[in-house]
Engineer: 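Dumping the structure here so I can ask a few things about it.
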Number of protein chains: 2
Amino acid sequence: MSVIVHRRDLDFLLHELLDLDRLFATARYDGLDRPMVTGLLDTAQAIAEQHYLPLAASLDANEPRFVDGRAEIMPEVGEALRAYADAGLIAAGFDTDAGGLQLPYTVTVAMNGMFNAANIGIANYAMLTTANANMLNAFGTDAQKQVFLPPMLEGRWLGTMCLSEPQAGSSLSDIRTQAHPIGDNRYRISGTKMWISGGDHDLSENIVHMVLAKIPGGPAGVKGISLFLVPKYRVGADGKPGESNNIALAGLNHKMGHRGTTNCLLNFGEDGDCIGELIGEPHNGLRYMFHMMNEARISVGHGAVMSALSGYLHAFDYACGRTQGRLPRDKDPETPQVPIIEHADVRRMLMAQKAAVEGGLSLIFHCAMLVDLKKVTEDEEERSRIGLLLELLTPIAKSWPSEHCLEANKLAIQVFGGYGYTRDYPVERLYRDNRLNHIHEGTYAIHGIDLLGRKVRMQDGEALRLLVSDILQTIDGVRADDGLDAESRHLRAAVDQLQSTTAQVLACADLSRGLANATLYLDAFGHVVIAWMWLRQALEAQKRLRPLPGENAFYAGKIAACRYFFRYELPKAVRQLELVASLDETCLDLSPDQLLAR
Amino acid sequence: MSVIVHRRDLDFLLHELLDLDRLFATARYDGLDRPMVTGLLDTAQAIAEQHYLPLAASLDANEPRFVDGRAEIMPEVGEALRAYADAGLIAAGFDTDAGGLQLPYTVTVAMNGMFNAANIGIANYAMLTTANANMLNAFGTDAQKQVFLPPMLEGRWLGTMCLSEPQAGSSLSDIRTQAHPIGDNRYRISGTKMWISGGDHDLSENIVHMVLAKIPGGPAGVKGISLFLVPKYRVGADGKPGESNNIALAGLNHKMGHRGTTNCLLNFGEDGDCIGELIGEPHNGLRYMFHMMNEARISVGHGAVMSALSGYLHAFDYACGRTQGRLPRDKDPETPQVPIIEHADVRRMLMAQKAAVEGGLSLIFHCAMLVDLKKVTEDEEERSRIGLLLELLTPIAKSWPSEHCLEANKLAIQVFGGYGYTRDYPVERLYRDNRLNHIHEGTYAIHGIDLLGRKVRMQDGEALRLLVSDILQTIDGVRADDGLDAESRHLRAAVDQLQSTTAQVLACADLSRGLANATLYLDAFGHVVIAWMWLRQALEAQKRLRPLPGENAFYAGKIAACRYFFRYELPKAVRQLELVASLDETCLDLSPDQLLAR
């Protein structure tokens with residue numbers, strides 16, 4: 001059985017729950033059908049299992065090294081990326097005109113998930129290249145696209161995103177990298193960029209950096225940030241990489257996980273000789289960078305889910321095979337030991353993982369479908385509705401899995417016991433990998449402030465109203481004989497509480513106080529959304545229950561997981577929302593010397 | 001400022017909260033006084049900071065290696081252990097007759113905590129040696145003690161505990177290692193032991209293993225387990241280590257954390273030539289092993305607290321120094337960035353760490369004092385009362401920190417942001433180290449079953465009644481003008497609910513169902529106990545508040561942390577107890593193919 005994907009669940013989510021087929025009826029995806037999607041998923045799974053998965057442990061143990069000013073990395077990583085690129089996967093979401101496969105985002109997400117689960121350290125290089133190419137495709141000139149897009153989509157050149165600097169991580173308004181115009185849309189770049197994933201390596205012929213920098217004389221803060229395309233090697237008239245562009249690798253960050261991805265401190269223009277091209281208009285860099293940000297953030301949440309899914313699949317297999325101890329009633333040491341999946345707490349830990357993983361995955365695909373529907377919908381009002389929902393759900397899709405799927409990875413280790421704590425099993429690595437997702441692409445706290453400080457306030461709360469309306473529609477669809485009465489009542493109450501809590505915070509004139517518990521609000525909001533996802537899954541499963549034993553187990557499991565989430569998890573959100581609504585200032589009021597007087 | 005101990009808090013716990021001085025009035029600790037204790041703590045801190053702390057990162061990066069059948073380890077580890085032993089710290093808790101310092105357990109715990117925080121990988125060797133020597137001292141013959149005790153207490157020989165085997169981790173009744181009598185209290189040992197910390201190394205002249213094994217013909221299960229002393233090198237008539245005792249290092253386990261401690265697979269008697277001496281009577285091995293088990297488990301919980309304390313101290317310092325972003329009201333990018341401790345969510349994360357760490361530490365010292373009071377109390381009834389309280393509280397002291405102080409370590413990383421995820425800062429290592437505590441010395445689930453299946457049922461619930469009586473005494477001591485009314489009411493309600501939940505589970509005839517959510521019961525029980533600890537700390541702080549600004553900050557911080565715990569944490573226990581009382585079977589009823597139908 002695969003340890004990187006649960007294909008039955010993927011089919012359920014894509015086809016039974018979310019009705020992917022409706023995309024095939026649109027002009028954009030005309031010609032695509034379900035067997036083709038299945039074939040694509042088969043291909044992706046085969047490449048991920050053959051080229052990515054076998055390297056996971058060795059790449060983790062042999063992280064990239066800083067040698068003679070360069071990052072050296074296991075050469076097999078390049079071969080794996082080649083297999084991925086050769087299958088057209090970097091370009092999978094691009095239009096056929098641009099050399100892509102023009103696949104729905106939902107399908108590319110499903111495919112990429114397997115690579116994330118198999119080896120996130122390698123998958124990052126391709127993910128960043130796709131994101132980079134997307135931005136270039138959206139805002140670059142035709143000439144820029146002609147030179148840079150084909151080699152990136154073919155995987156011969158890889159891409160990065162250069163936002164952070166040592167003094168500016170979460171606070172991008174404080175970046176200091178400068179870009180001095182030298183005419184002809186070209187700029188001399190100078191500055192230091194930090195946390196650059198894929199910032200240096202020997203895996204590709206060239207590296208294309210998308211760099212945020214300030215043009216002297218521009219506005220202060222984020223309004224003065226521009227975007228530049230800065231290749232590692234300058235590109236000659238023949239379109240080939242030529243002389244070095246004066247970008248120095250100043251150091252590698254050695255991380256707890258994601259070890260296969262080089263993470264770099266880069267000095268641009270130490271000798272004053274680093275040239276970049278402006279992308280789009282000056283001072284619009286952040287807007288361009290955020291153009292694909294919803295998708296990038298959904299991807300991070302998805303990565304968190306997939307690390308947890310792989311942990312869960314490993315833990316399930318182990319629990320079925322490992323024998324240890326006896327059931328509470330049976331203390332006779334002469335009887336054989338039982339598989340540990342027979343123990344109540346092991347089942348609880350597996351169920352907790354299932355609820356987090358399948359709940360999180362359903363939200364990721366729900367959001368991915370919104371991305372696709374927004375693209376194909378011709379109705380302006382509907383497009384705006386979908387856009388608002390995406391704005392609201394993105395911080396949740398990014399954050400909820402980074403917290404609760406990390407917890408799932410923790411439980412996967414626990415199922416393995418002492419073995420899980422060793423590097424002989426992959427669960428500790430998956431746990432280390434997943435810890436990053438809480439931090440990058442906006443920390444948990446930043447997304448809390450985004451959600452409570454901005455998203456639920458947009459258009460006088462329209463986004464939240466739209467979401468609540470969608471949730472109530474699900475609740476209204478519950479029939480008396482579904483056996484899901486209690487769940488639908490609980491969800492209804494939780495939604496009411498979410499709305500009243502939101503109103504109470506928004507009525508608070510003191511912004512600091514109102515936002516003091518934004519992280520808890522984000523967490524609780526996420527629980528309400530995941531509860532909704534579980535009710536939807538359970539309803540769908542209920543509808544499909546048949547007297548066929550095999551399939552029944554799958555659907556019965558969905559219904560049980562829904563019950564689990566409502567009984568074991570949703571009440572936590574209720575309590576947290578009460579706390580948020582109380583506008584508690586216990587932490588806000590603290591002075592540092594009260595925290596720690598020495 | 002130290003990153004391994006918070007001396008002001010230690011003084012508060014030992015002297016203001018727990019009144020350590022009352023031990024000095026007893027015959028056993030006559031001559032000891034507060035300045036001496038302070039001096040001992042100074043000494044311990046100095047050794048830990050000079051010899052243990054500087055090796056923490058390098059030892060983590062250079063874990064022991066398997067070379068030519070031996071475990072090779074950084075030689076500086078031996079030097080650090082020598083400094084510890086030379087200060088008399090292995091023997092610190094032993095009677096002066098036995099060559100020890102005859103210090104209260106509470107004091108040795110306080111000292112050892114600093115070594116745990118500084119470098120748990122080294123501290124483990126000494127901790128295991130002390131535990132081993134304790135067992136030998138309690139159950140060995142005079143001859144055995146004469147040969148083995150002095151070199152262990154001097155740190156020239158180190159000790160281990162050999163319980164687990166590859167097929168028997170949590171289920172000790174299933175061990176297979178055999179001991180064949182060859183006369184004169186000597187046995188031929190054969191079998192494989194797994195997870196043996198300190199099982200092989202070149203740090204000492206000899207290694208003394210305490211090995212659980214079965215004498216053929218004995219009773220099945222745990223009743224047939226005996227305890228043997230098995231040295232790595234046989235000891236000659238001159239008391240010196242001589243020929244090899246046929247114990248082969250079969251492999252090293254490579255762990256996520258605790259990397260400095262060798263963790264071994266050992267084959268005893270591969271060539272039929274491994275000789276051990278029986279300790280005590282046959283078939284009583286488990287009882288001997290569990291003799292010091294309460295203390296060993298308190299130590300594990302304490303280790304979890306100390307990893308979190310160190311993470312907290314690092315995070316606090318970083319939050320005071322690192323500038324990033326601006327407050328919600330101030331969006332002018334021309335103003336300077338603020339120290340991140342000004343951000344509400346950073347304060348919340350620091351407060352959560354403080355609440356877990358100082359709450360956990362107060363429970364550890366509460367239990368340590370019970371160990372000491374039990375030793376010096378002459379009243380039989382009081383001794384039995386203390387014994388029952390210790391039995392009840394030990395699974396909590398072991399488990400609560402392993403869960404909630406791990407969470408604190410997670411938050412320490414989050415305070416550091418991307419930096420915290422790198423190995424350039426110690427917080428990710430402390431997080432990895434702490435993940436073990438959930439697993440060893442009995443998993444979280446095992447302690448849940450111990451608590452709900454055994455401890456609260458002992459003597460018809462007497463232990464729980466005694467604890468509740470202690471808690472109610474604290475509540476009764478709250479006066480109207482303490483400002484802690486709400487907290488005392490909440491604690492009262494939580495205790496009532498704990499009692500009624502316990503009664504509901506105990507009334508359930510179906511043992512499997514009753515124990516199905518034992519882990520949640522353990523967790524919630526822990527929260528109630530820690531809430532009690534916080535109320536006690538807040539009451540003590542309230543009493544000592546003075547109009548002196550410096551001291552006020554310390555006490556005000558204690559009161560704030562109490563409020564935090566009651567508002568942000570205790571309600572979680574209320575919800576969990578409701579769930580346990582409902583005897584929910586959602587997870588128990590699952591079949592494996594419902595969990596994962598493929």
Side-chain angles (χ1 to χ4, degrees), chain A residues 1 8 169-171 173-174 195 220-221 253-256 316 320 324-325 328-329 333-334 337 341 344-345 347-348 350-351 354 414 417-418 421-423 428 436 438-439 443 445 511-512 515-516 519 553-554 556-557 560 563-564 567 571 575 584 586-588 590 592-598, chain B residues 1 8 169-171 173-174 195 220-221 253-256 316 320 324-325 328-329 333-334 337 341 344-345 347-348 350-351 354 414 417-418 421-423 428 436 438-439 443 445 511-512 515-516 519 553-554 556-557 560 563-564 567 571 575 584 586-588 590 592-598:
Chain A
M1 290 290 184
R8 177 66 189 90
S170 293
S171 180
S173 70
D174 292 283
W195 309 120
N253 296 307
H254 297 283
K255 295 163 295 164
M256 177 162 68
F316 179 82
C320 292
Q324 193 72 186
R329 224 180 277 279
E334 309 271 19
Q337 302 198 70
I341 200 166
D345 199 60
R347 287 208 181 159
R348 185 190 62 82
L350 291 169
M351 180 53 118
K354 178 185 175 80
Q414 197 69 11
Y421 193 66
T422 70
R423 275 124 64 204
E428 68 87 31
L436 178 61
H438 232 288
I439 300 170
T443 64
L511 195 58
S512 288
L515 294 180
T519 306
F554 178 81
R563 285 202 206 297
Y564 171 87
R567 289 180 192 178
R575 189 194 53 73
D584 183 79
T586 307
C587 302
L588 193 65
L590 276 176
D593 63 345
Q594 285 172 347
L595 268 170
L596 199 67
R598 300 202 235 204
Chain B
M1 291 290 186
R8 178 66 190 88
S170 293
S171 181
S173 69
D174 292 282
W195 309 121
N253 297 307
H254 297 284
K255 295 164 294 164
M256 177 162 68
F316 179 82
C320 292
Q324 192 73 185
R329 224 182 276 279
E334 309 271 19
Q337 301 197 72
I341 200 167
D345 199 60
R347 287 209 181 159
R348 183 190 64 82
L350 290 169
M351 180 54 117
K354 177 186 176 79
Q414 196 70 14
Y421 192 66
T422 70
R423 276 124 64 203
E428 68 87 30
L436 177 61
H438 232 289
I439 299 169
T443 64
L511 196 58
S512 287
L515 294 179
T519 306
F554 178 81
R563 286 203 204 297
Y564 171 86
R567 291 181 190 176
R575 189 194 54 72
D584 184 79
T586 307
C587 302
L588 194 65
L590 277 177
D593 63 346
Q594 286 172 346
L595 268 170
L596 200 66
R598 298 200 237 205

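Chain A is the first sequence line, chain B the second, and so forth, proteins listed ahead of strands; every chain is numbered from 1.
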Engineer: Any idea which heavy atoms bring A:F316 and B:L595 closest together, and the distance?
Structural biologist: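 For A:F316 and B:L595, the tightest heavy-atom pair comes out as CE1-CB, 3.8 Å.
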Engineer: To check you understand the geometry: which heavy-atom pair defines the closest contact between A:Q324 and B:S170, and what is its length?
Structural biologist: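 Shortest heavy-atom separation between A:Q324 and B:S170 comes out as OE1-N, 3.2 Å.
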Engineer: Quick one: does B:E428's side chain have a donor or acceptor within less than 3.5 Å of a partner on A:K255's backbone?
Structural biologist: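 Pair absent, no side-chain N/O of B:E428 close to backbone of A:K255.
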Engineer: Return the option, out of B:C587, B:P333, B:A344, B:G557, with the maximum number of heavy-atom pairs under 4.5 Å with chain A.
Structural biologist: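 Of the options given, most contacts go to B:C587.
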Engineer: Indicate the atoms forming the closest heavy-atom contact of B:T422 with A:W195, along with that distance.
Structural biologist: CG2-CZ3, 3.5 Å
Engineer: A:R575 side chain to B:R575 main-chain N or O, any donor-acceptor pair under 3.5 Å?
Structural biologist: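 Here the side-chain-to-backbone pair does not exist.
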Engineer: Find the distance between OG1 (A:T519) and CG (B:D345) and round it off to the nearest 0.5 Å.
Structural biologist: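 Between A:T519 OG1 and B:D345 CG, I get 3.0 Å after rounding to 0.5 Å.
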Engineer: Can you list the residues that meet the salt bridge (charged side-chain N to carboxylate O under 4.0 Å, His left out) rule with B:K354, with sequence neighbours excluded?
Structural biologist: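 Partners of B:K354 under the salt bridge (charged side-chain N to carboxylate O under 4.0 Å, His left out) test: B:E358.
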Engineer: So which atom in A:A556 and which in B:Q594 form the shortest heavy-atom distance, rounded to 0.1 Å?
Structural biologist: CB-NE2, 3.6 Å
Engineer: Nearest 0.5 angstrom please: B:L596 CG to A:R8 CZ, how far?
Structural biologist: 12.0 Å
Engineer: Do you know the tightest heavy-atom contact between B:R347 and A:L588?
Structural biologist: NH1-O, 2.9 Å
Engineer: Measuring from atom CG of A:D593 to atom CZ of B:F554, what distance do you get when rounded to the nearest 0.5 angstrom?
Structural biologist: 12.0 Å
Engineer: On a heavy-atom basis, which atom in A:P328 and which in B:L515 lie closest, and how many Å separate them?
Structural biologist: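 Of all heavy-atom pairs spanning A:P328 and B:L515, the closest is CB-CD1, 4.3 Å.
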Engineer: Measure A:I341 against the heavy atoms of chain B and call it side chain, backbone, both or neither at under 4.5 Å.
Structural biologist: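 Answer is side chain: those atoms of A:I341 sit under 4.5 Å from chain B.
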Engineer: Using a 4.5 angstrom heavy-atom cutoff, name the option from B:R563, B:Q414, B:M351 with the most pairs to chain A.
Structural biologist: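 So the answer, after comparing B:R563, B:Q414, B:M351, is B:Q414.
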Engineer: For chain A, find which of B:G221, B:G325, B:G418 contributes the most heavy-atom pairs closer than 4.5 angstrom.
Structural biologist: B:G418
Engineer: Only pairs of heavy atoms separated by less than 4.5 Å count here; which of A:S173, A:C320, A:P571 has the most with chain B?
Structural biologist: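 Sorted descending by pairs with chain B, the first entry is A:P571.
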Engineer: Could you check which of B:R329, B:R423, B:H254 has the highest count of heavy-atom pairs closer than 4.5 Å to chain A?
Structural biologist: B:R423
Engineer: Can you tell me how far the CG atom of A:L436 sits from the OH atom of B:Y421, to the nearest 0.5 Å?
Structural biologist: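 Between A:L436 CG and B:Y421 OH, I get 4.5 Å after rounding to 0.5 Å.
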Engineer: Let's test your reading of the structure: which of A:L350, A:L590, A:N253, A:L511 forms the most heavy-atom pairs below 4.5 Å with chain B?
Structural biologist: A:L590
